[in-house]
Protein chains: 2
Amino acid sequence: MSSPSVRLLLCDDHAVVRAGLRALLSSADGIEVVGEAGDGEEALAMAARLKPDVVLMDLQLGDGMDGVTATRRLTSGGAAGPRVLVLTMFDTDADITRAVAAGATGYLLKAERPDELFTAIRHAAAGRTALSAPVADRLLAQLRSPRPALSEREHEILGQLARGLGNREIARALFISEATVKTHLGRIYTKLGVETRAGAVAVAKERRLLA
Amino acid sequence: MSSPSVRLLLCDDHAVVRAGLRALLSSADGIEVVGEAGDGEEALAMAARLKPDVVLMDLQLGDGMDGVTATRRLTSGGAAGPRVLVLTMFDTDADITRAVAAGATGYLLKAERPDELFTAIRHAAAGRTALSAPVADRLLAQLRSPRPALSEREHEILGQLARGLGNREIARALFISEATVKTHLGRIYTKLGVETRAGAVAVAKERRLLA
DNA sequence: GCCCGTATCAACCGATCGGTTGATACGGGT
DNA sequence: ACCCGTATCAACCGATCGGTTGATACGGGC
């Protein structure tokens, strides 16, 4: 006998993409789309009600809760919660790391071949980790030559920096002295491999370290 | 009698999205997906060969030719060329304006309801302009209070700025004097409504003025 | 022909930035 | 107990940035 269908919940903020995925997956054996969510809150509510086996989650969810947060909330509920399979456009180190840290069972890219999606969903339902080849490559590369990650405080500094604030304004915004801002900035420059604040903003946007 | 099916070519760099769209559109009456392209070059080649009525074009096409360029090349071939219907994630002023300027017959968002997509495709095939409501709103808002557009030279300056270069380096890169760079930067700040270079980079990335 | 926008350059000045050195303090890990 | 990473602050200095004023030149549009 074949195992029962995988009950799947879609979460993506683009209705056209959701509809496309539903149409695509409905043609696959052993996969049943039980619902669609357009944002993180909706995904949590529908997951609680529909008890899907797997949530197919985009990381970019528009204005509200982001996909990483939604993933954490979905998986933090213990063993009863659904598996989360991340399906997104970006293969950035930061995205992958954060998604895995948030409890994602798998991670694959929208650029992947569709049949990879089918198998990844079945793997995820079985509790097996499902990382597509490019994603796994990136993870290993990162392990081999680990990039110095920004500390949380440095992240905050970077956020203010991207708003165009000067050092004094950043200092006021974060309730620290201007001197501290400068030391943080120095470390940020070193870690990002840049020499100016404009360069730091550019690299940060590039690596998707900022909203 | 009903008119023959609209012959449609998909162009999107994400295979999963393409497959989803194909699955979705195959369920629609009067629409026939005749091919898929994953980048701009492929789209041009397949359009020449398959002679589709409409090309459904994403603006973000990864590394190579961008969607605006592909649209221009597709529509510049005179009346024989296909209609181009842009389907993308972003409703940024710059994207909409450039796509329309490049000859797009329609522009709609992936966040739109799927049935809007069906009607837009049929409209585009008939040569009618197809702008979804949010996009049309933005266009009108822009006409009512036109934002000062950056000149081409200012764009170049901005590009170098985003690389983190100093004024002197920008001057050398563009073969102009440092003084000229500063005057350009002053106008850029005014037009973007910022006061610092970091702010300019942030706003530029926000409005998608940069790659 | 004239006006206006754009691009180019110069010289100036104060404010800010970037880098350095050195210091204190707190927490986690061995 | 010790070390290491992180966060915090101070003082200093040269280089750069941001703003201003003023100028020339070229092109398109009325």
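Here is the naming used below: chain letters follow the sequence lines, and residue numbers restart at 1 for every chain.
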Requested in this report: Hunt down any stem DNA chain D takes part in, defined as 3 or more consecutive Watson-Crick or G-U pairs whose two distances are each under 3.5 Å.
Outcome: C:1-30 with D:1-30
Query raised in the report: When all nucleic acid strands are considered with a 4.0 Å heavy-atom cut-off, which category describes Thr196(B): base, sugar-phosphate, or nothing?
Result: sugar-phosphate
Requested in this report: Would you classify Thr180(B) as touching base, sugar-phosphate or nothing, given that sugar-phosphate means primed atoms plus P, OP1 and OP2, and contacts are heavy atoms under 4.0 Å?
Outcome: base
Report task. Side-chain contact test, heavy atoms from C-beta onward, threshold under 4.5 Å: evaluate it for Leu108(B) versus Val86(B) and give yes or no. Result -> no
Query raised in the report: If you walk 5' to 3' along DNA chain D, what is the first nucleotide with an atom under 4.0 Å of a heavy atom in chain A, and what is the last?
Result: dT6(D) to dC12(D)
Query raised in the report: Does a donor on one side chain and an acceptor on the other come within less than 3.5 Å for Glu116(A) and Ser132(A)?
Result: no
Requested in this report: Mind checking Arg187(A) for me? I need base, sugar-phosphate or nothing, with any heavy atom below 4.0 Å counting as a touch.
Outcome: base
Report task. Would you indicate whether the side-chain heavy atoms of Leu209(B) and Leu192(B) approach each other to under 4.5 Å? Result -> yes
Report task. Identify whether any heavy atom of Arg168(A) sits under 4.0 Å from a base atom; if not, whether one sits that close to sugar-phosphate; answer base, sugar-phosphate or nothing. Result -> sugar-phosphate
Query raised in the report: Taking the side chain as C-beta and beyond, is there a heavy-atom pair between Cys11(B) and Leu56(B) under 4.5 Å?
Result: no
Query - 5'-most by nearest nucleotide on DNA chain C - Thr183(A) or Leu174(B) - result: Leu174(B)
Requested in this report: Side-chain contact test, heavy atoms from C-beta onward, threshold under 4.5 Å: evaluate it for Leu185(A) versus Ile157(A) and give yes or no.
Outcome: yes
Query raised in the report: Of Asn167(A) and Ile157(B), whose nearest nucleotide on DNA chain C comes first from the 5' end?
Result: Ile157(B)
Report task. Check whether any side-chain N or O of Thr71(A) sits under 3.5 Å from a backbone N or O of Ala104(A) as a donor-acceptor pair, and report yes or no. Result -> no
Query raised in the report: Within the structure shown, what part of the strands sits under 4.0 Å from Gly186(B) by heavy-atom distance: base, sugar-phosphate, or nothing?
Result: nothing
Report task. Indicate yes or no for a side-chain donor-acceptor contact from Arg7(A) to the backbone of Val34(A) under 3.5 Å, with no hydrogens or angles considered. Result -> no
Query raised in the report: How long is the span from the CG atom in Asp58(B) to the OG1 atom in Thr88(B), to the nearest 0.5 Å?
Result: 4.5 Å
